[in-house]
Amino acid sequence: MQSLTLPFIAIAGLAVLGYFLAKSRALQVSEGDIRKLVSLPSQHALNAVLATIVPAVAAILLISLYVRLTDGTGSWFFQFVVIGLAVTGLALSLIGIKTETRARTFAERWILGLLIFASTIAILTTIGIVFSMLFETFNFFGQYDWRDFFFSTNWSPNFRGNSDLGIIPLLWGTLYISFIALAFAVPVGLFAAIYLSEYAGPRMRSVAKPAIEVLAGIPTIVYGLFALITVGPFLRDYFAAPMGFGQSASSVMTAGLVMGVMLIPFVSSLSDDIINAVPQAMRDGSLGLGATKSETIRQVVVPAALPGIVGAVLLAASRAIGETMIVVLGAGAAARLSLNPFEAMTTVTVKIVSQLTGDTDFASPETLVAFALGLTLFVITLGLNVLALYIVRKYREQYE
Amino acid sequence: MEDMYHADRAMSTQQDIKIKADKVQVYYADNHAIKDVDVEIADKTVTAFIGPSGCGKSTFLRCLNRMNDTIDICRVEGDITIDGEDIYDPKVDPVQLRAKVGMVFQKPNPFPKSIYDNVAYGPKIHGLARNKAELDEIVEKSLRKAALWNEAKDRLTAPGTGLSGGQQQRLCIARAIATAPEVLLMDEPCSALDPIATAQVEELIDELRQSYSVVIVTHSMQQAARVSQKTAFFHLGNLVEYDDTDKIFTNPEDSRTESYISGRIG
């Protein structure tokens, strides 16, 4: 990449040069009367800048990708090509400046290209993530039987070999903790949203809504500390120990409740926006029939907002499944398959971290299992997102 | 069913006073929107409120079923009685009142539910049906009265939002009459409809007069002349003139009324 510094400086220089050249040339072509020009001098200048930068930068990206894939080395030839493209783009745009040139539409076409490129990045990244995971996962299944991975109920990695790497206890921990988190966050968040959007006055709303959203800004490691030093011991001393559920401060319940608190703003803030988007005409119609406010909310407003609320809940579910820090500090790191919510358990994400930290050898199944775990998790959250999209699309704009 | 709902009012005659308003004032915060309105609305009659935009006719209509209660800054003074009962008395539950005084809005606003559930909504809330068969009967009766039964009977489970604009408005009328109201308030019910749907709704309003006292706010003077027996002209928050529709449109007493109906103000 060192070799690319020079082309970047050259392109930037050419672009600045192009800006001033195009502007002066446009003025020159207009013979002092810019009303003769179809496009303004500044639009010609913008077109020249974009024509210089865009193809050259695109070439840099393509060349560096090509060099990586072929394991080749960069050479002066590539730099020559890049700078050549920039010069050509500049020259062509300058030659093209005439009174009737529509530089405005040309410049907009370059910008359209940039917009398309930006949206492709997100899609390509997703594909890239899948492929990088897929590759290592294949390596893992080359060394470890997939049936043992998916169906074994025992997780005991052993760095000297002969490990049991069953995903079931981890998946169980993930789903159990997420379930508790959602069982806490969904009602609380939804009720908070209903209060804020339907009952709270404007002053209350202007204070309460940002205050709830502060929760979303707290780093998850801070939630983890809260779980470790406050919620965990509290649950152990007041619930688990007296009721004979065990003596562990780290528990599914601890992590689930704290994670639930973390998710409240996701559910409440999105649901609040969605409930607010339900037209006032719906409420008037129901109130006009002699329904009470609460009947109106239960039978008209919430059903009309339901698709959006489901979307919010599934978004929260994706967050819960991917959460790591709260689980490490709140639920511990012991893989266990148990129904007792006051016992320590762990999740897929925590085990991915622990398998990849420390002295690791990227050829052993004990390390590679992390990629298989990651891919499984990715597939689950992707499935949830697809489901959310489907539900939202199917019921969208129903009240219009 | 019809008889059961209205048996108690079978004896009433055309000239009975259903709603009586006395010195009604409405304020939106500091804005005095309705000034000293006195009006007597007869039972089994269509009463039209006309007047230029912002004259307070919709505001006054919304006083009659206390829909203004849902607006925080709105304040109503004076007396409004329905069948002699003060509807702003603290003992009166606005929710109960609205079951008795139904309302149809300017823009059709069916709930995002099936046609059946839209109509059954009110009767379910107020417990008007003891079982499914009775509910079915109320739904059919209401849809028939709203002249929507023939179009809707094969698609009762389809969403009400899938109907055309005119059908949606008739669905809203069916929904309002399903709760067996005594008064039906209509706030520009045809302003979002095409002429054909408007004609259907107007015909319907004329039929509804047999059973209800109908109050309609309209911007169309032709519509007021076609459907109503009594007309009230509002201007700048005042009730300028209230008389038989024929008289208002042929021989108004107030010069402002004459200017408005002949198109000089408004």
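Chain letters run A, B, ... following the sequence lines, proteins first and then strands; every chain starts at 1.
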Nearest non-hydrogen partners of [X] and [Y], listed with the distance:
| X | Y | result |
| --- | --- | --- |
| B:Tyr121 | A:Glu295 | OH-O, 3.8 Å |
| B:Arg98 | A:Leu287 | CD-O, 3.0 Å |
| A:Leu289 | B:Thr179 | O-CG2, 4.1 Å |

Quick one: does B:Asn109's side chain have a donor or acceptor within less than 3.5 Å of a partner on A:Ala281's backbone?
yes
Are the side chain of B:Lys113 and the backbone of A:Ala304 linked by a donor-acceptor contact shorter than 3.5 Å?
no
Does atom [atom1] of [X] have more than 12 heavy-atom neighbours, drawn from other residues, nucleotides or ligands, at distances under 6.0 Å?
| X | atom1 | value |
| --- | --- | --- |
| A:Phe179 | CZ | no |
| B:Glu85 | CD | no |
| A:Arg205 | CZ | yes |
| A:Phe239 | CZ | no |
| B:Asp72 | CG | no |
| B:Tyr27 | OH | yes |

What part of B:Phe111 lies closer than 4.5 angstrom to a heavy atom of chain A: side chain, backbone, both or neither?
both
Using non-hydrogen atoms and a 4.5 Å limit, figure out which bit of B:Val101 sits close to chain A: side chain, backbone, both or neither.
backbone
Ranking B:Met103, B:Arg62, B:His126 by heavy-atom pairs under 4.5 Å to chain A gives rank one to B:His126
Do B:Pro112 and A:Met282 have side-chain heavy atoms sitting under 4.5 Å apart?
yes
Measure the spacing between CD1 of B:Ile125 and OG1 of A:Thr296 and express it to the nearest 0.5 Å.
6.5 Å
